[in-house]
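First listed ligand is number 1; within each ligand, the first listed atom is number 1. Position 1 is the first residue of the sequence; numbering continues from there.
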Amino acid sequence: MSATRLKRVAVALDTDDRETFSRWCSFFGPRVGVLKVGPRVVLRWGRTAIEEAAGTGAAVFLDFKFHDIPSTVAGAVCAVRELGVSYLTVHAGGGRRMMEAAVQAAGDQVRVLGITVLTHLARRDLDDLDLPGEAADRVLTWATSARQAGCAGVVCSPLELATLRRRLGPELLLVSPGIRFDDSAGDDQRRVATPAAALRSGADLMVIGRPLTRAADPEAALAALAAAGA
Ligand code: C5P
């Protein structure tokens, strides 16, 4: 493992181009703790993509966000175990029994993370879904349920990190996307914060995609993350 590997950074490898994927693996893989792949990549290139990411020495995070009846999720998680990945996501909104089934199927090899409220959802989106109240309250409820189900951690926005750390203790892994070097970035993410703020609030792992993969100077972006304490 490289001495400068940023253990608290998971790079989201969201691309449709195989060459770009390989380039990102070889550039980011030796420099960060975790590489994250989702359906966009795995449905195109299958387990070769997972193997390529794992071959860099980084842990692999399979972001499939499962949400189904417990037996179906358990079956899918059993298949995931064979892939040798370290992290897997399921939706906490699938309920406690679904998460328990995932955790049981994962065994000791895969850490199951419960997705709380996705970071692109703002108050108005939740109202549209008839999910009244503050996102932060729902995140706490669903994260509590994920912990009770035995999940190793939860995924939340950086804005909820401090409350979850305080309320749910030091053991639960807090994984946070919605990281932006500049709070004014105008893309689809809504509940965002800077890396320094996320780390201060208790993030164990920051999921970062476009701010790294689309950076004009990715090396400088990684240096900024190192300076922030990642
Ligand atoms: O490019 P960006 O930094 O917004 O990428 C964030 C990554 O984290 C994406 O791959 C997205 O699917 C994922 N993610 C998220 N919000 C969650 C869970 C995962 O944005 N709650």
Side-chain angles (χ1 to χ4, degrees), residues 6 8-17 20-21 24-25 28 32-44 49-50 53 58-67 85-94 99 111-122 125-126 129 131 135-136 138-143 145-146 151-161 164 172-195 197-199 201 203-216 218 221-222 224-225 228 230:
L6 304 177
R8 292 172 192 270
V9 174
V11 182
L13 303 175
D14 297 325
T15 178
D16 306 319
D17 179 65
T20 303
F21 178 78
W24 287 350
C25 280
F28 291 111
V32 301
V34 183
L35 294 177
K36 185 177 86 74
V37 295
R40 182 168 172 183
V41 157
V42 178
L43 292 178
R44 278 201 169 83
I50 294 170
V60 178
F61 179 152
L62 192 65
D63 192 13
F64 268 34
K65 299 186 176 68
F66 289 140
H67 189 161
V85 303
S86 301
Y87 301 92
L88 169 72
T89 47
V90 301
H91 273 287
M99 289 189 280
R111 292 195 235 191
V112 176
L113 305 173
I115 300 276
T116 57
V117 179
L118 291 171
T119 40
H120 73 293
L121 295 171
D125 303 300
L126 293 175
L129 291 168
L131 292 171
R138 192 164 302 279
V139 169
L140 178 59
T141 306
W142 285 356
S145 176
C151 288
V154 297
V155 181
C156 63
S157 101
L159 306 187
E160 290 108 32
L161 285 165
L164 294 192
L172 194 70
L173 280 179
L174 298 183
V175 178
S176 184
I179 305 296
R180 293 293 177 264
F181 288 107
D182 172 359
D183 280 342
S184 66
D187 54 32
D188 55 348
Q189 298 280 20
R190 289 293 173 270
R191 305 193 329 274
V192 299
T194 61
L199 290 168
S201 303
D204 294 300
L205 189 62
M206 298 182 288
V207 174
I208 311 179
R210 290 161 290 185
L212 283 173
T213 56
R214 313 281 167 197
L222 289 170
L225 285 168

Query raised in the report: Considering only heavy atoms of Ala12, which atoms of ligand 1 have at least one such atom less than 4.0 Å away?
Result: 7 (C), 10 (O)
**Report entry** Min side-chain heavy-atom separation Val41-Phe21 under 4.5 Å
**Finding:** yes
Query raised in the report: Quick one: does ligand 1 sit under 4.0 Å from the side chain of Asp14, the backbone, both or neither, non-hydrogen atoms only?
Result: side chain
Query raised in the report: What atoms of ligand 1 come within less than 4.0 Å of a heavy atom belonging to Val207?
Result: 7 (C), 8 (O)
Query raised in the report: So, is Gly209 polar-close to ligand 1, with some N/O to N/O distance under 3.5 Å?
Result: yes
Report task. Check whether any side-chain heavy atom of Leu222 sits under 4.5 Å from a side-chain heavy atom of Val32, and report yes or no. Result -> yes
Query raised in the report: Quick one: does ligand 1 sit under 4.0 Å from the side chain of Met206, the backbone, both or neither, non-hydrogen atoms only?
Result: neither
Requested in this report: Check each heavy atom of Pro211 against ligand 1 and say whether those closer than 4.0 Å belong to the side chain, the backbone, both or neither.
Outcome: side chain
Query - Heavy-atom gap Arg214 to ligand 1 smaller than 4.0 Å - result: no
Query raised in the report: Looking at Leu173, Leu113, Leu172, which one forms a side chain to side chain contact (heavy atoms under 4.5 Å, CB included) with Val154?
Result: Leu172
Query raised in the report: Rounded to the nearest 0.5 Å, what separation is found between the CZ atom of Arg8 and the CG atom of Leu6?
Result: 11.0 Å
Report task. Tell me which part of Asp63 gets within contact of ligand 1: side chain, backbone, both or neither, using heavy atoms under 4.0 Å. Result -> side chain
Query raised in the report: Cys156 versus Val117: any side-chain heavy-atom pair under 4.5 Å?
Result: no
Report task. For Ala59 and Tyr87, work out which heavy atoms get closest and say how close. Result -> CB-CE1, 4.3 Å
Report task. Check whether any side-chain heavy atom of Asp16 sits under 4.5 Å from a side-chain heavy atom of Arg44, and report yes or no. Result -> yes
Report task. Would you kindly specify which portion of His120 sits under 4.0 Å from ligand 1, judged on non-hydrogen atoms: side chain, backbone, both or neither? Result -> neither
